[in-house]
Asker: 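Here you go, one structure.
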Amino acid sequence: MENNKSYIKIDNVSMWYPVKSGIKLFAKEKQWVKAVDKVSLEMEEGEVLGVIGESGCGKSTLGRILARLENPTDGDVYIDNVSTGELMKRNSKEFRRLVQIVFQNPYDSFTPRDTIENILMRPLKIHSIAGSDEEKRRICIETLESGGLHPGEDIMKRYPHELSGGQLQRISILRAMLLNPKFIIADEPVSMLDVSVRADIINMLLNLSKEKNAAVVFISHDISLTRYISDKIAVMYLGRIVEYGESDEIIKNPKHPYTQALISNCGSIDPDEIMDRISIVGEPPTPINPGPGCYFAPRCFKANKECLIKYPAAYDLGNGHYAACDRLNNE
């Protein structure tokens, strides 16, 4: 996954949280929740990377690290070869213009006492974008209308509770784009919206990212949706990336047993397609000090005793396709 021209480099990032125990007398070693564990990925400008996996696999924690809402316990993220940690220390405003995040719940994204005008004007004022307040208002109105919110002047006067979830999520995305970011993290941005408005919101996000040539990390548990919008897909399990590659390659030719199981249980748009379902037995193991073997081994239909001894390396399968499994040749 190495490319010297990559615009964004996620370099061996980990996020470990210490487990606080009331009884320390019998503790043999310090325990950690390994929410994100040694994740390395690279992205080009304008590329859309989908990150998929079960709830609790660490996707949202990774998103928060990328947006520097949390600092990783190890590793770093680089944008155009500049450490985001160093950039935050040196100039946090510059970083916030460069990187924006869109959250899952649009109702939690805004202060309920603020009008939409205040919500959109605030980042323009903080970052000294445009001249007079009148010019800022004009930019906000034009932005709303470009996002399909008409009339923009009327929307500006409203409060968040007076708008639908779809309208609020549009505004959340538009607010992020006001700063012309080069890197956007979208954390389950449509999972709480009606199916009828999801496509419009996704298309708006993709169109805006293409206009700005902004890289997008799209975090989701919806494999079909992720395939539709992503150039590449990273499959995450218990804090680790277990498979990575071009979207169509991952969907049509999954190699890791976990990816195979996920895709086999994903609904097809073809009602006549017959799919062999692969069942995953049991719940994911605790993220507290997992290992030493493959984290998926206790639930894997291909696992043997060796899988429980050491964590597998990521094998290069060609054409940018990687999978972390020692049983790839045992179909």
Side-chain angles (χ1 to χ4, degrees), residues 1-3 5-11 13 36 39-53 57-68 77-80 84 97-104 146-147 169-170 172-191 193 197-236 241-254 259 262-263 266 269 319-322:
M1 285 178 268
E2 293 184 0
N3 187 337
K5 297 180 181 179
S6 293
Y7 182 64
I8 292 164
K9 183 178 181 181
I10 304 167
D11 184 21
V13 163
V36 175
V39 169
S40 293
L41 294 166
E42 297 186 3
M43 297 177 66
E44 305 298 328
E45 286 186 279
E47 185 176 281
V48 180
L49 170 67
V51 180
I52 62 173
C57 72
K59 305 186 300 292
S60 292
T61 302
L62 177 61
R64 291 175 66 83
I65 291 170
L66 298 179
R68 280 289 165 177
V77 181
Y78 298 86
I79 299 179
D80 206 12
T84 58
R97 286 194 67 163
L98 191 65
V99 181
Q100 286 284 300
I101 185 167
V102 178
F103 292 104
Q104 177 181 15
S146 71
Q169 197 65 304
R170 283 176 186 269
S172 182
I173 294 168
L174 292 169
R175 179 180 63 173
M177 291 298 188
L178 278 174
L179 302 178
N180 294 317
K182 294 296 290 180
F183 186 28
I184 301 157
I185 300 99
D187 187 3
E188 302 267 14
V190 296
S191 63
L193 304 179
V197 301
R198 288 183 184 181
D200 283 345
I201 301 293
I202 290 297
N203 287 331
M204 188 185 82
L205 175 63
L206 292 178
N207 290 336
L208 287 170
S209 69
K210 285 179 183 176
E211 283 178 24
K212 312 292 184 183
N213 198 28
V216 177
V217 168
F218 185 83
I219 296 169
S220 180
H221 62 271
D222 188 327
I223 298 172
S224 299
L225 178 60
T226 304
R227 176 191 184 182
Y228 166 69
I229 73 162
S230 301
D231 300 306
K232 295 176 182 175
I233 289 176
V235 183
M236 201 166 184
I241 301 299
V242 298
E243 190 160 3
Y244 168 86
E246 300 284 343
S247 294
D248 282 346
E249 176 69 12
I250 294 292
I251 299 299
K252 294 177 182 177
N253 189 29
T259 312
L262 282 183
I263 292 172
C266 175
I269 59 173
N319 298 318
H321 188 178
Y322 294 80

Asker: Are R64 and D187 close enough for a salt bridge, meaning some N to O gap below 4.0 Å?
Answerer: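 Judged by the 4.0 Å cut-off on N to carboxylate O distance, R64 and D187 do not form a salt bridge.
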Asker: Do the non-hydrogen side-chain atoms of I8 and K182 ever get within less than 4.5 Å of each other?
Answerer: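 No, their side chains stay 4.5 Å or more apart.
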Asker: Write down the atom of V36, the atom of G58, and the distance for their closest heavy-atom approach.
Answerer: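 Nearest heavy atoms, V36 then G58: CG2-O, 3.7 Å.
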Asker: Just wondering, do M177 and I184 contact through their side chains at under 4.5 Å, heavy atoms?
Answerer: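 Counting from C-beta outward, I184 and M177 do come under 4.5 Å.
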Asker: Show the nearest heavy-atom pair for residues L174 and M204, with the distance to one decimal.
Answerer: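 Closest approach of L174 to M204, heavy atoms only: CG-CE, 4.2 Å.
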Asker: Of all residues at least two apart in sequence or in a different chain, which pass the salt bridge (charged side-chain N to carboxylate O under 4.0 Å, His left out) check with K212?
Answerer: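 K212: no salt bridge (charged side-chain N to carboxylate O under 4.0 Å, His left out) contacts found.
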Asker: Given the rule in the side chain to side chain contact (heavy atoms under 4.5 Å, CB included) test, do L225 and F218 qualify, once you have shown the distances and angles that lead to the verdict?
Answerer: CA-CA 10 Å; L225 178 60; F218 185 83; 3.8 Å; yes
Asker: Give, for atom CD1 of I263 and atom CD1 of I52, the distance between the pair rounded to the nearest 0.5 Å.
Answerer: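 CD1 of I52 is found 6.0 Å from CD1 of I263.
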Asker: Would you call V235 and Y244 a side-chain contact if the rule is heavy atoms closer than 4.5 Å?
Answerer: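 No - every pair of side-chain heavy atoms lies 4.5 Å or more apart.
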Asker: Do the side chains of K232 and E44 get nearer than 4.5 Å, heavy atoms only?
Answerer: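 Side chain of E44 against side chain of K232, heavy atoms only: no contact under 4.5 Å found.
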Asker: Identify the two heavy atoms, one from R170 and one from D200, that lie closest to each other, and give their separation to 0.1 Å.
Answerer: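 For R170 and D200, the tightest heavy-atom pair comes out as NH2-CB, 3.2 Å.
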Asker: If I compare all heavy atoms of K59 with all of G53, which pair ends up nearest, and what's the gap?
Answerer: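 Minimum heavy-atom contact is NZ-O, 3.1 Å.
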Asker: List for me each residue that meets salt bridge (charged side-chain N to carboxylate O under 4.0 Å, His left out) alongside E211, sequence neighbours excluded, and say none if there are none.
Answerer: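 With sequence neighbours excluded, E211 shows a salt bridge (charged side-chain N to carboxylate O under 4.0 Å, His left out) to no residue whatsoever.
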Asker: Give me the atom names and distance for the closest heavy-atom approach of S247 to S230.
Answerer: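 Answer, listing the atom of S247 first, then S230: OG-O, 2.7 Å.
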Asker: Once rounded to the nearest 0.5 Å, what's the spacing between atom CG of L49 and atom CD1 of I185?
Answerer: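 So the gap between those two atoms works out to 11.0 Å.
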Asker: Counting C-beta onward and ignoring hydrogens, is there a side-chain heavy-atom pair between P181 and V99 closer than 4.5 Å?
Answerer: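 No, too far: nothing below the 4.5 Å cut-off.
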Asker: Within the structure provided, determine whether L41 and V13 are in side-chain contact (heavy-atom separation under 4.5 Å).
Answerer: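 In short, these two side chains do not touch, never coming nearer than 4.5 Å.
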Asker: Do F183 and T84 have side chains that approach each other closer than 4.5 Å (heavy atoms only, starting at C-beta)?
Answerer: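 Side-chain contact under 4.5 Å: no.
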Asker: Between CG of L179 and CD of Q100, what distance do you get to the nearest 0.5 Å?
Answerer: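 Those atoms lie 5.0 Å apart.
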Asker: Check G63 against I219 and note the closest heavy-atom contact, atom names and distance.
Answerer: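 Shortest heavy-atom separation between G63 and I219 comes out as CA-CD1, 3.8 Å.
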Asker: Of I202, L205, V216, N203, which is the lone residue that meets side-chain contact (heavy atoms from CB on, under 4.5 Å) with I229?
Answerer: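 Of the listed residues I202, L205, V216, N203, the side-chain contact (heavy atoms from CB on, under 4.5 Å) partner of I229 is I202.
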Asker: Test side chain to side chain contact (heavy atoms under 4.5 Å, CB included) on L66 and I101; report intermediate values, then the result.
Answerer: CA-CA 9 Å; L66 298 179; I101 185 167; over 6 Å; no
Asker: Give, for atom OG of S172 and atom CD of Q104, the distance between the pair rounded to the nearest 0.5 Å.
Answerer: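 So the gap between those two atoms works out to 12.0 Å.
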Asker: In Å and rounded to the nearest 0.5 Å, what is the OG to CD1 distance from S224 to I251?
Answerer: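 With rounding to 0.5 Å, OG (S224) is 7.5 Å from CD1 (I251).
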Asker: Dump the intermediate steps for side chain to side chain contact (heavy atoms under 4.5 Å, CB included) on E249 and N319, then the final yes or no.
Answerer: CA-CA 9 Å; E249 176 69 12; N319 298 318; over 6 Å; no
Asker: So, taking the atom named OG in S209 and the one named CD in E47, what distance separates them when rounded to the nearest 0.5 Å?
Answerer: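 Output value for this atom pair is 11.5 Å.
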Asker: Taking C-beta and beyond as the side chain, do I250 and E243 meet within less than 4.5 Å on heavy atoms?
Answerer: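 Of all side-chain heavy-atom pairs linking E243 with I250, at least one is under 4.5 Å.
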Asker: Counting only heavy atoms from other residues, nucleotides and ligands, does the tally under 6.0 Å from NZ of K9 exceed 12?
Answerer: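 No - once you tally the heavy atoms of other residues, nucleotides and ligands closer than 6.0 Å, there are 12 at most.
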Asker: Give the C-alpha distance, both sets of side-chain angles, the deciding distance and a yes or no for side chain to side chain contact (heavy atoms under 4.5 Å, CB included) between E42 and D11.
Answerer: CA-CA 8 Å; E42 297 186 3; D11 184 21; over 6 Å; no
